[in-house]
Each structure stands twice: as structure tokens, then as C-alpha cells.
Amino acid sequence: MQPPLPDGIIHLPMCLSAEEQNALLEDIRAIVAEAPLYTPRMPKTGKPMSVRMTNCGSLGWVTDKENGYRYQDTHPFTGKSWPAIPDRLLALWEEHSSYPHPPEACLINFYEQGAKMGLHQDKDEANFDAPVLSVSLGDDCLFRIGGSSRGGPTKSIRLSSGDVIILGGEGRLNYHGVDKIYPNTSPLLKNGGRINLTLRRVTSL
DNA sequence: TAGTACCG
DNA sequence: GAGA
């Protein structure tokens, strides 16, 4: 018997201790050294996003002008396979997702001061049964969540370093985005900014 | 419409 | 700055 899958929007404040956050940060630094952050571009228009990205896992989420949103198994600039997902993130997934298979993708988003992420759905996966698990590191942000269709009411919450958000079940396809980074609100990143890690199951299983 | 402008 |  398995525990039930998380349902709705679940916010776990201070899910990770300062020590865990620092250890995770070291893992991320090693990944970024191998798979550098790059500036993704919007489909068709080619407009740059303000957030820089990279991935770890067997698949990574990418976007560019020519081919749009998709998952692929290599870094778009180096052409190399993505680095493996760190064990501590796999453990976090096991603890909180209740999903019987490991995540395939971990999108790493880096927000510097002024960076934003418009309201969107995570819907490029073939699997909507598995929850999406997101980890915040570094400066606080204003996170906005709506319903599963555009144009409805939204609510905003402030996320801090070490917080975990789970979008599962009825909340899996809810719109969400980042309106603002609050500068100098965390000592974790010496140069400031915010890192978001998003763990996802891409294929069905 | 994973951005941006603009309105209040 | 916040919400649609």
C-alpha cells in the first residue's frame, strides 16, 4: 500500500535546514560547472527570458525560437548529456512526491534581481499523474498561483530559501509564476538572486 | 502568454 | 505594485 499522492498546492515552509540548503547548493554548483546556465528564448519570437536555466536528469526542459518548449536529453549549447540528479534531490522526491518512480527532469532556474517568470502551466510533460516538486534557494520571491485555466483569480505567497512547493492532483496544472525577487533577503547565495529547482516526471510510468 | 505593456 |  502506497501513501496517497499529494493533491492541490502544498507549501512546505522551511522544508530544508540551512545545512541541507548549503549541501544542495554545492550539488548545484557542480552541475552548473558541467552544464552551464544559458538564456532561454521564447518560441517564434525569440525573446529572451529573464531567468537563466540549465537542467539535470535524463531529460531537461528547454525552449528556443525555432523549436519551442520541449524536453531533450542534451544541453542545447554543449550538446552533452545532462548531469545526474543529485541523490539528496532524489531523496526529497521520494519523501514528498509519493510517486513510485523517480523524477526524470530537474529544471534549474536562476533568477537574478529583477528576473520574473510569467504565469504558466507545466504541461510539456506526457505524465500529469506525477506531482511537480519545486525547491527554493536564496532570495525570497513573490510566487503567484492561479487555477487550471487562464484569466481566473490568483493568489500570491512569499517563498523563502528552503521552502518546497508541490503541485499535485487537482493542482498539477495550475498556473503559476514569479512576480518579484526580494533582493538581499537570504545569506545563502553570496552574490544574491534565487535558484529554483523543479523536479518532474516527464514520461508515463 | 515560461513575456510585456499598461492600468489604477 | 498587483492582478487580469
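Note that the structure is a prediction, hence the values are computed from the model and not measured. The chains referred to below are lettered A, B, ... by the order of the sequence lines, with proteins before strands, and numbering in each begins at 1.
Between C:dA4 and A:Thr154, a contact under 4.0 Å exists linking OP1 or OP2 to a side-chain N or O. Close to B:dA2, at under 4.0 Å from its OP1 or OP2, lies no side-chain N or O of A:Arg200. Considering only side-chain N and O atoms, A:Ser156 lies nowhere under 4.0 angstrom from the phosphate OP1 or OP2 of C:dA2.
Looking only at side-chain heavy atoms (C-beta outward), A:Ile165 and A:His11 come within less than 4.5 Å of each other. Side-chain contact check for A:Leu25 versus A:Leu189: some heavy-atom pair is nearer than 4.5 Å. Taking the side chain as every heavy atom from C-beta outward, A:Ile157 and A:Phe143 approach each other to under 4.5 Å.
Residue A:Lys180 contributes atom NZ, which lies 23 Å from atom P of B:dA2 at whole-angstrom precision. The nearest whole Å value for the distance from the CG atom in A:Leu119 to the P atom in C:dA2 is 15 Å. Between A:Gln121 atom CD and B:dT1 atom P there is a gap of 13 Å when expressed in whole angstrom units. When the P atom of B:dT1 is taken as reference, atom OH of A:Tyr69 falls 7 Å away, rounded to whole Å. Atom CG of A:Asp64 is separated from atom C1' of B:dA2 by 14 Å (rounded to the nearest Å). Put simply, NE2 on A:His120 is 18 Å from P on C:dG3, counting in whole angstrom units. Going from atom OH of A:Tyr175 over to atom P of C:dA2 covers 22 Å, rounded to whole Å. In this structure, the CD1 atom of A:Ile181 is 13 Å from the P atom of C:dA2, given to the nearest Å.
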remark   = The dot-bracket string of DNA chain B, counting Watson-Crick and G-U wobble pairs with both distances under 3.5 Å, using [ ] for crossing pairs and | for pairs to another strand, is ......|.
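Every residue meeting the salt bridge (Lys or Arg N to Asp or Glu O under 4.0 Å) condition with A:Glu104, not counting sequence neighbours, appears here in chain and number order: A:Arg201. With sequence neighbours excluded, no residue forms a salt bridge (Lys or Arg N to Asp or Glu O under 4.0 Å) with A:Arg194.
Nucleic acid contact class of A:Met117 (heavy atoms, under 4.0 Å, all strands): base. A:Asn196 comes within contact range of no nucleotide atom at all, as no heavy-atom separation falls under 4.0 Å. Using a 4.0 Å heavy-atom distance criterion, A:Arg70 is classed as making no nucleic acid contact.
Among A:Asp122, A:Asp124, A:Asn109, the single residue meeting the side-chain hydrogen bond (donor to acceptor under 3.5 Å, both in side chains) criterion with A:Trp61 is A:Asp124.
Residues from residues 136-146 of chain A placing a heavy atom under 4.0 Å of any atom in DNA chain B do not occur. The stretch residues 43-63 of chain A touches DNA chain B through A:Met49, A:Trp61, each having a heavy atom within less than 4.0 Å of the strand.
Atom CD of A:Gln72 has more than 12 heavy atoms from other residues, nucleotides or ligands within 6.0 Å. The local environment of CD in A:Glu26 is crowded, with over 12 non-hydrogen atoms from other residues, nucleotides or ligands closer than 6.0 Å.
Between A:Asp64 and A:Arg70 there is a salt bridge, with a side-chain nitrogen of the basic residue lying less than 4.0 Å from a carboxylate oxygen of the acidic one.
A:Ser160 and A:Asp140 share a donor-acceptor pair across their side chains, judged by distance under 3.5 Å alone.
Ring geometry for A:Tyr38 versus A:His75: interplanar angle over 60°, hence perpendicular rather than tilted (30 to 60°).
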Could you write out each protein N or O paired with an N or O of nucleotides 5-8 of chain B at a distance under 3.5 Å?
none

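Nearest heavy atoms, A:Cys15 versus A:His96: SG-CE1, 3.6 Å. In terms of heavy atoms, A:Cys56 sits closest to A:Pro86 at SG-CD, 3.9 Å.
Separation of atoms OG (A:Ser98) and CG (A:Asp7) is listed at 11.5 Å; rounding is to 0.5 Å. Here A:Ile31 contributes atom CD1 and A:Thr54 contributes atom OG1; the two are 8.0 Å apart, rounded to the nearest 0.5 Å.
Between the C1' atoms of C:dG3 and B:dT1, the separation comes to 15 Å (whole Å).
Set against C:dG1, C:dA4, B:dA2, the side chain of A:Pro153 has C:dA4 as its closest nucleotide.
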